[in-house]
Amino acid sequence: QVHLVESGGGLVQAGGSLRLSCAASGSIFSINAMRWYRQAPGNERELVAAITSAGSTNYADSVKGRFTISRDNAKNTVYLQMNSLKPEDTAVYSCNAFGRLLPERGRQWIDFNSWGQGTQVTVSS
C-alpha cells in the first residue's frame with residue numbers, strides 16, 4: 001500500500017501564501033500522476049492541480065496564475081505553492097496519487113490509487 005501524508009496547511013490572511021506538501025511512502029511503487037483536490041463545506045470536491053510523470057501540469061481556472069504544482073521525484077513528494085490566497089480558497093486540500101506498486105513478497109505489479117487524509121487551509125479576509 002502507498003501512503004500519502006499532506007502538510008503545510010494553516011491559517012493565512014487574504015493575499016498571503018502557503019506551500020502544501022504531499023509525501024508518498026510504503027510499498028515499492030511508481031507514481032504516474034499526482035493531484036491536489038480541495039473540498040469546502042457545501043461544495044463538491046474540486047480538482048485544483050495535477051502533474052503527470054512526464055511533467056505536464058493542469059490547473060483549475062480558479063487558481064491559474066496563483067497556484068503552482070511541482071514535484072521532487074527523489075523525495076517522492078509533490079508540492080502546491082499557493083500565492084495570492086483568497087477566502088474562497090478555504091477548504092480541505094487532499095493529495096491523490098496513482099500508479100503501480102509491488103506488494104511485499106509479490107511477483108506482480110498492481111495498480112494503486114491512494115489518498116491522503118487532507119490538510120485544512122483557511123484564508124481570512
Side-chain angles (χ1 to χ4, degrees):
Q1 185 174 335
V2 176
H3 297 90
L4 304 178
V5 179
E6 303 99 332
S7 63
L11 175 64
V12 65
Q13 295 182 29
S17 298
L18 286 172
R19 189 181 73 161
L20 306 183
S21 299
C22 174
S25 63
S27 305
I28 298 173
F29 60 88
S30 176
I31 295 175
N32 292 335
M34 301 189 77
R35 299 166 173 169
W36 284 100
Y37 289 83
R38 68 185 182 187
Q39 187 168 23
N43 294 337
E44 295 185 349
R45 187 181 64 189
E46 175 189 21
L47 176 63
V48 177
I51 186 166
T52 70
S53 60
S56 298
T57 58
N58 283 320
Y59 298 93
D61 289 340
S62 59
V63 307
K64 286 181 179 177
R66 300 188 298 120
F67 291 9
T68 302
I69 188 171
S70 61
R71 65 185 184 186
D72 186 336
N73 291 334
K75 297 181 179 180
N76 292 316
T77 300
V78 65
Y79 304 95
L80 185 67
Q81 179 66 46
M82 305 184 295
N83 298 325
S84 302
L85 284 163
K86 305 174 181 179
E88 52 262 43
D89 295 319
T90 296
V92 174
Y93 285 71
S94 299
C95 179
N96 166 251
F98 65 90
R100 298 188 304 161
L101 64 83
L102 186 65
E104 184 178 349
R105 297 177 58 85
R107 300 186 301 170
Q108 302 286 348
W109 289 89
I110 62 175
D111 296 335
F112 76 88
N113 188 344
S114 297
W115 290 84
Q117 294 299 116
T119 184
Q120 177 70 47
V121 171
T122 303
V123 184
S124 65
S125 60

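No experiment lies behind these values; they were computed from the predicted model shown.
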Which residues pass the salt bridge (charged side-chain N to carboxylate O under 4.0 Å, His left out) test with Glu88, not counting sequence neighbours? none
Is Val12 linked to Val48 within one hydrophobic cluster, defined over Ile, Leu, Val, Met, Phe, Trp and Tyr using a side-chain heavy-atom separation of less than 4.5 Å? yes
Donor on one side chain, acceptor on other, Ser53 and Asn32, under 3.5 Å: no
Point-to-point distance, once rounded to the nearest 0.5 Å, from CG of Asn96 to CD of Glu6: 10.0 Å
For Asp111, salt bridge (charged side-chain N to carboxylate O under 4.0 Å, His left out) partners two or more places apart: none
For atom CG of Leu11, decide whether the heavy atoms of other residues, nucleotides or ligands shown that lie under 6.0 angstrom number more than 12. yes
Where the side chain of Ser27 meets the backbone of Leu101, is there a donor-acceptor pair that is under 3.5 Å apart? no
Which atoms form the tightest heavy-atom contact between Ala97 and Leu4, and what is the distance? N-CD1, 3.6 Å
What one should report as the nearest heavy-atom pair of Ala50 and Arg35 is CB-CG, 3.6 Å
Provide the closest heavy-atom pair for Ile31 versus Ala24 in the form atom of the first, atom of the second, distance. CD1-CB, 3.9 Å
So, do Phe29 and Ile110 sit near enough that their side-chain heavy atoms are less than 4.5 Å apart? no
Parallel under 30°, tilted from 30 to 60°, perpendicular over 60°: which one fits the rings of Trp115 and Tyr37? tilted
Below 4.0 angstrom, N of the basic side chain to O of the carboxylate: do Lys86 and Asp89 qualify? no
Report the C-alpha separation of Arg45 and Ser94 in whole Å, then their side-chain angles, then the decisive distance to 0.1 Å, and conclude whether the side-chain contact (heavy atoms from CB on, under 4.5 Å) test is met. CA-CA 10 Å; Arg45 187 181 64 189; Ser94 299; over 6 Å; no
If every non-hydrogen atom of Arg66 is compared with every non-hydrogen atom of Ser84, which pair is closest and at what distance? NH1-O, 3.0 Å
Are Val92 and Leu85 in one and the same hydrophobic cluster, where Ile, Leu, Val, Met, Phe, Trp and Tyr link if side-chain heavy atoms are under 4.5 Å apart? no
Find out whether Leu20 and Val121 are in side-chain contact, i.e. whether some heavy atom of one side chain is under 4.5 Å from a heavy atom of the other. yes
Below 4.5 Å, heavy atoms only, C-beta onward: do Thr68 and Tyr79 meet side chain to side chain? no
Given 3.5 Å as the limit, does a donor-acceptor pair link the side chain of Arg71 with the main chain of Thr52, or not? yes
Would you say Ser62 and Arg38 make side-chain contact, with heavy atoms under 4.5 Å? yes
Taking the side chain as every heavy atom from C-beta outward, state whether Glu104 and Ile28 have any pair of such atoms under 4.5 Å apart. no
Steps toward side-chain contact (heavy atoms from CB on, under 4.5 Å) verdict (Ile51, Trp36): CA-CA 9 Å; Ile51 186 166; Trp36 284 100; over 6 Å; no
